[in-house]
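Heads up: the structure comes next, in structure tokens.
Just so you know, ligand 1 is whichever comes first in the structure, and atom 1 is the first atom listed for that ligand.
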Amino acid sequence: MQKKGIIVSGMRPTGALHLGNYLGALENWIRLQDEYECYYFVADYHALTTGYDNTDDFKNNITNALIDWLAAGLDPEKCTIFIQSNVREHAELNLLFSMNLPLSWLYRCPTYKDQINQLKDKNISTYGFLGYPCLMSADILLYKAAYVPVGEDQLPHLELTREIARRFNFLYNCEVFPEPQPLLTKAKVLPGLDGRKMSKSYNNTIALSDSPDVVRKKVMSMVTDPQRIHKTDPGHPEVCSVFAYHKLFSPEEVDEIEHVCRNGEIGCVACKKKLAENIEKFMTPIYERRQDWLKRTGDIMDIIKKGNEKASSIASKTMAEVRKAMKIDWI
Ligand code: TRP
Ligand code: SF4
């Protein structure tokens with residue numbers, strides 16, 4: 001089948017992915033791999049921009065990210081999976097872009113101020129952290145991506161990427177870089193087990209790697225409508241995170257659940273049991289694929305080697321064009 005265009009996306013390897021990450025990004029990646037020529041990479045350089053001071057878990061995190069991706073359903077026959085730092089051209093293009101990138105373009109990225117405020121206990125007043133949108137632009141433009149699936153928070157970076165592409169083509173009077181378009185899909189937002197945002201730091205996640213048993217226990221521990229004490233009390237599904245999950249995992253039953261909850265015709269325990277069953281159905285194939293990949297770590301290495309080679313062959317071609325355009329192709 002003729003594929004529709006090049007897509008590039010990366011994800012930082014920051015530990016076990018959770019169901020929220022799956023619905024927010026990975027599900028989308030998996031859907032796109034059939035239609036587009038997709039390059040998906042483990043953004044380990046990006047992880048260094050905030051986590052440069054502790055790299056003990058680095059290798060493990062990368063392996064786990066790969067297993068999560070494969071278990072979720074990324075198919076190495078359909079897309080190219082690689083590790084950013086294994087394709088050194090990412091670093092080279094980042095360097096060359098940095099030569100003409102105005103600092104003001106970086107300072108105005110909203111993620112910069114947000115993260116500086118959020119990660120107060122960390123020193124991220126670094127050159128690398130300020131420059132990470134430049135690195136991200138290099139990631140994307142190296143493959144001349146037509147589309148980039150991103151969340152809303154990353155849109156300013158994509159705009160920056162387009163500006164960097166334009167500036168490069170203008171400065172060196174060439175047409176090396178096309179301007180990539182964002183592929184925005186409405187992110188499905190899943191609250192954490194306690195109703196707050198799902199986040200590892202709150203310890204309220206369902207990990208993609210959780211076994212069916214663990215998933216069931218976690219669901220049964222979820223916080224529901226605090227005003228309900230007896231099962232005949234009328235419930236308020238809009239404040240209940242179990243209901244938020246039902247909307248995503250029980251599409252056929254959700255209207256009925258809303259009705260019986262509001263009328264006090266179902267207990268929260270029964271309601272959670274139903275949810276546990278549906279999430280389990282959803283996660284079982286992921287769990288089974290994981291068991292299979294865990295036995296095939298050698299194959300995972302081969303997949304990455306092949307992916308690195310494929311990515312490198314494109315990246316090195318682009319870099320040859322870049323050096324030529326910049327007239328730094330002496331030999
Ligand atoms: N910056 C993204 C994030 O932190 C990850 C990322 C790095 C990325 N390079 C990319 C996403 C290129 C899309 C395209 O979530
Ligand atoms: Fe939430 Fe279900 Fe209880 Fe209603 S019945 S409050 S939706 S857990």
Task: From Met301 atom CE to Thr63 atom OG1, the distance as rounded to the nearest 0.5 Å - done: 8.0 Å

Task: Approximate separation, where rounding is to 0.5 Å, of Ile206 CD1 and Met283 CE - done: 6.5 Å

Open item on the list: Could you check whether Asp139 and Gln84, counting side-chain N and O atoms only, form a donor-acceptor pair closer than 3.5 Å?
Closed with: yes

Open item on the list: Aromatic contact between Tyr245 and Phe282, with the criterion being ring centroids under 6.0 Å apart: yes or no?
Closed with: no

Open item on the list: Considering only residues two or more places apart or on different chains, which pairs with a residue in residues 174-218 satisfy ring pair (Phe, Tyr, Trp, His ring centres under 6.0 Å)?
Closed with: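 Every ring pair (Phe, Tyr, Trp, His ring centres under 6.0 Å) pair that includes a residue of residues 174-218, provided the two are not neighbours, is Phe97-Phe177, Phe168-Phe177.
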
- [ ] Take the angle between the ring planes of His90 and Tyr143 and call it parallel below 30°, perpendicular above 60°, tilted in between.
- [x] tilted

Task: For ligand 1, the residues whose heavy atoms come within less than 4.0 Å (ordered by chain, then number) - done: Val8, Ser9, Gly10, Arg12, Phe41, His46, Tyr132, Met136, Asp139, Ile140, Val148, Gln154

Open item on the list: Considering atom 3 (Fe) of ligand 2, could you give the total of protein N/O/S atoms lying closer than 2.8 Å?
Closed with: 1

Open item on the list: Just to verify, what does Trp293 make a ring pair (Phe, Tyr, Trp, His ring centres under 6.0 Å) with, not counting sequence neighbours?
Closed with: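 With sequence neighbours excluded, Trp293 shows a ring pair (Phe, Tyr, Trp, His ring centres under 6.0 Å) to no residue whatsoever.
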
Open item on the list: Between Arg166 and Glu163, is there a side-chain heavy-atom distance shorter than 4.5 Å?
Closed with: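 Yes; the side chains approach each other to less than 4.5 Å.
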
Open item on the list: Just so I know, are the side chains of Val214 and Lys217 near enough to count as touching, which here means a heavy-atom distance under 4.5 Å?
Closed with: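 Counting from C-beta outward, Val214 and Lys217 never come under 4.5 Å.
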
